[in-house]
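Residue indices begin at 1 and follow the sequence shown.
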Amino acid sequence: MTQIATVEEILSGGYATISVPRKSACGHDCEECAGCGMTGAAIYTKAKNDIGATPGQKVVVESSTKKLLGVVVLVYMLPVIFFLLGYFLSEGLGESVRYIIAIAAAALTMIPIVLYDRHARRNDTLTYNIVRLF
């Protein structure tokens, strides 16, 4: 996946701090809408700076789509799957009990999500590479 970012600071070891504008389903055309209150939100992260970009430059950054899709499945699909499993596997119980079990099963998925988040932060699992100037 490629995105446009701004180089904020040069770090040691051939890395740079970049700011990547946050994307959402609405497209964030904030000048036209501003309905959600998210004006100018950005994510700051570290990127490999092989091209020698300097602070203030707009660059194209690339991240591993495969790793990103794995995170999407973990964060969005796992709770839905566990909710449905909890609901359908508790057949024969009262309806309110089935919903409680389903919600508890979905909430239980927060454990692997938080553990993976900690692992990813420690090991720089989701990395960006600056590929060219914009």
Side-chain angles (χ1 to χ4, degrees):
M1 180 169 90
T2 60
Q3 293 177 291
I4 298 170
T6 304
V7 177
E8 299 294 331
E9 169 183 16
I10 302 300
L11 304 173
S12 62
Y15 286 90
T17 300
I18 58 170
S19 63
V20 182
R22 178 170 282 177
K23 300 288 184 190
S24 75
C26 72
H28 271 292
D29 190 7
C30 298
E31 293 78 25
E32 298 294 322
C33 175
C36 66
M38 293 283 297
T39 56
I43 299 169
Y44 292 88
T45 188
K46 184 169 72 168
K48 187 76 173 147
N49 186 11
D50 290 331
I51 67 164
T54 58
Q57 289 183 317
K58 295 273 188 197
V59 293
V60 177
V61 294
E62 185 176 76
S63 61
S64 171
T65 304
K66 182 179 177 182
K67 289 179 184 177
L68 193 59
L69 288 177
V71 172
V72 168
V73 168
L74 181 68
V75 172
Y76 293 106
M77 295 303 295
L78 196 62
V80 171
I81 291 168
F82 271 62
F83 178 88
L84 293 173
L85 283 173
Y87 182 79
F88 289 118
L89 292 178
S90 61
E91 188 175 347
L93 301 174
E95 196 67 23
S96 60
V97 174
R98 291 179 78 185
Y99 280 115
I100 291 170
I101 291 171
I103 291 169
L108 194 64
T109 63
M110 293 302 121
I111 294 170
I113 290 170
V114 169
L115 291 175
Y116 181 77
D117 179 58
R118 290 180 182 166
H119 166 77
R121 288 176 192 261
R122 271 193 311 265
N123 300 321
D124 287 330
T125 302
L126 299 174
T127 58
Y128 289 93
N129 294 315
I130 299 174
V131 291
R132 63 182 170 86
L133 295 176
F134 180 64

Side-chain touch [X]/[Y], heavy atoms, less than 4.5 angstrom:
| X | Y | result |
| --- | --- | --- |
| Thr17 | Leu11 | yes |
| Phe82 | Thr109 | yes |
| Ile113 | Leu74 | yes |
| Val97 | Ser90 | no |
| Ile18 | Ile130 | yes |
| Asn49 | Tyr15 | no |

(Q) Side chains of Glu9 and Tyr44 only: does a donor on one sit below 3.5 Å from an acceptor on the other? (A) no
**Q.** Between Ser19 and Glu8, a side-chain donor and acceptor under 3.5 Å
**A.** yes
Where is the tightest heavy-atom contact between [X] and [Y], given as atom of each residue plus distance?
| X | Y | answer |
| --- | --- | --- |
| Gly86 | Ile101 | O-CG2, 3.6 Å |
| Ile10 | Thr54 | CD1-CA, 4.2 Å |
| Pro79 | Ala106 | O-CB, 3.6 Å |

Cluster link [X] to [Y], ILVMFWY, side chain under 4.5 Å:
| X | Y | value |
| --- | --- | --- |
| Ile81 | Leu84 | no |
| Val131 | Ile51 | no |
| Val75 | Ile111 | no |
| Phe83 | Leu89 | no |
| Val72 | Tyr116 | yes |

(Q) Around atom CE of Met110, are there more than 12 heavy atoms from other residues, nucleotides or ligands closer than 6.0 Å? (A) yes
Q | Atom CD of Glu91 with >12 non-hydrogen neighbours under 6.0 angstrom | A | no
Q) Just by modelled atom types, is the Tyr87 backbone N or O under 3.5 Å from a matching donor or acceptor in the Arg98 side chain? A) yes
Rounded distance (nearest 0.5 Å) linking atom [atom1] of [X] with atom [atom2] of [Y]:
| X | Y | atom1 | atom2 | result |
| --- | --- | --- | --- | --- |
| Glu62 | Arg132 | CD | CZ | 10.0 Å |
| Phe134 | Gln57 | CZ | CD | 13.0 Å |
| Asn129 | Thr2 | CG | OG1 | 12.5 Å |

